[in-house]
Amino acid sequence: MVITEEHDSDVTASFELHVISQGVGNLHNFVSVSKDIWPWVDYIHIREKQQPPEQRREWANQLYQSGVPSDRIVVNGVHEVGQGEGFAGVHWGQAEFSQSTLSIGDLRKRIRIGVSVHSVDEAKAAEEQGVDYVLFGHIYNSNSKPGIKPRGLKQLAEVCATVNVPVIAIGGIGSEHVRDLRSAGARGLAVISHIWASEHPIQAVSALKQAIVESEG
Ligand SMILES: Cc1nc(C(=O)O)sc1CCOP(=O)(O)O
């Protein structure tokens, strides 16, 4: 099956596709690409850790106003818990999660929460706190994580076999990895460079979604 930009963008797949922002320095580009790619994507994360929380919230609002449905938008950061309401959820880095005194159990009644993890133990701790999903990586070499050895498919499989919450794989991922990630037990994948470093981000997303759909079943 060929997924074109005009057609078939509403195909559903049980394997989640997360697209994470990077260097929204060029906000216009981020918003204009996002409003075209969202039909293929389960979640678009506003990461931008170096920016203040209100800035991330502002960008989430701009995505929404440009036509991206609110239930596809995830805002990163512990400070967005209140503000994230009305969007799909919030995502916390490991440091925020392990240092936070907030009770996820209570927050989850109001909002979906995901946490980044880098080991089986971190994944178990996140699950015990009641998070909705974990993001595990980085799986492959990634320019976004220079100088840090990738954790690989074997560790991914260990994490997937240990926790019951969905494990979303991240780090150096492209269309060619979808089947291996699924075989390891991942329930989705997340990408930065594959989209934002591409000269043709819309084609990159549709090809990724096509690989996911073709790997179903
Ligand atoms: C944001 C992020 N978190 C990771 C983790 O391991 O927690 S790896 C990563 C970068 C992923 O970027 P790319 O798709 O460009 O490799």
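The analysis underlying the following values was restricted to heavy atoms, covering all of them including side chains, and did not include hydrogens, waters or symmetry mates. Counting starts at 1 for both ligands and their atoms, in listed order.
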### Query
Which is closest to atom 8 (S) of ligand 1 by heavy-atom distance: K145, H91, E122?
K145

### Task
For K124 and T162, work out which heavy atoms get closest and say how close.
CD-CG2, 3.4 Å

### Query
Is there a heavy atom in V191 that sits closer than 4.0 Å to ligand 1?
yes

### Message
Quick one about E48 and S21 (side-chain donor to acceptor, distance below 3.5 Å, no hydrogens or angles considered), yes or no?
### Response
yes

### Query
When you measure from atom 15 (O) of ligand 1 to every protein heavy atom, which one gives the shortest distance, and what is it?
S193 OG, 2.1 Å

### Query
Mind checking whether S175 and H194 have side chains closer than 4.5 Å, heavy atoms only?
yes

#### Entry: Protein contact to atom 11 (C) of ligand 1 [nearest heavy atom, distance to 0.1 Å]
I170 CG1, 3.7 Å

### Query
ligand 1 versus S144, non-hydrogen atoms closer than 4.0 Å: side chain, backbone, both, neither?
side chain

## Note on the structure
The protein heavy atom nearest to atom 14 (O) of ligand 1 is I192 N, 2.8 Å

#### Entry: Atoms in ligand 1 with a heavy atom of S142 nearer than 4.0 Å
12 (O), 13 (P), 15 (O), 16 (O)

### Query
Hey, is ligand 1 close enough to A190 that some N/O pair sits below 3.5 Å?
no

### Query
Are any side-chain N or O atoms of H18 and backbone N or O atoms of A169, one a donor and one an acceptor, separated by less than 3.5 Å?
no

### Task
Determine, using the 4.5 Å side-chain heavy-atom cutoff (strictly less than), whether L189 and I202 are members of one ILVMFWY cluster.
yes

### Task
Using distance alone, decide if ligand 1 has a nitrogen or oxygen within less than 3.5 Å of any nitrogen or oxygen in G171.
no

#### Entry: Min N/O separation H138 to ligand 1 under 3.5 Å
yes

### Within-cut-off N or O pair, H118 and ligand 1, under 3.5 Å
yes

### Query
Hey, does R47 sit under 4.0 Å from ligand 1 if you only count heavy atoms?
yes

### Query
Between R182 and E214, is there a salt bridge with N-O shorter than 4.0 Å?
no

### Message
Do F97 and E122 make a side-chain contact, defined as non-hydrogen atoms from C-beta onward lying under 4.5 Å apart?
### Response
no

### Approximate separation, where rounding is to 0.5 Å, of N76 CG and H91 NE2
6.0 Å

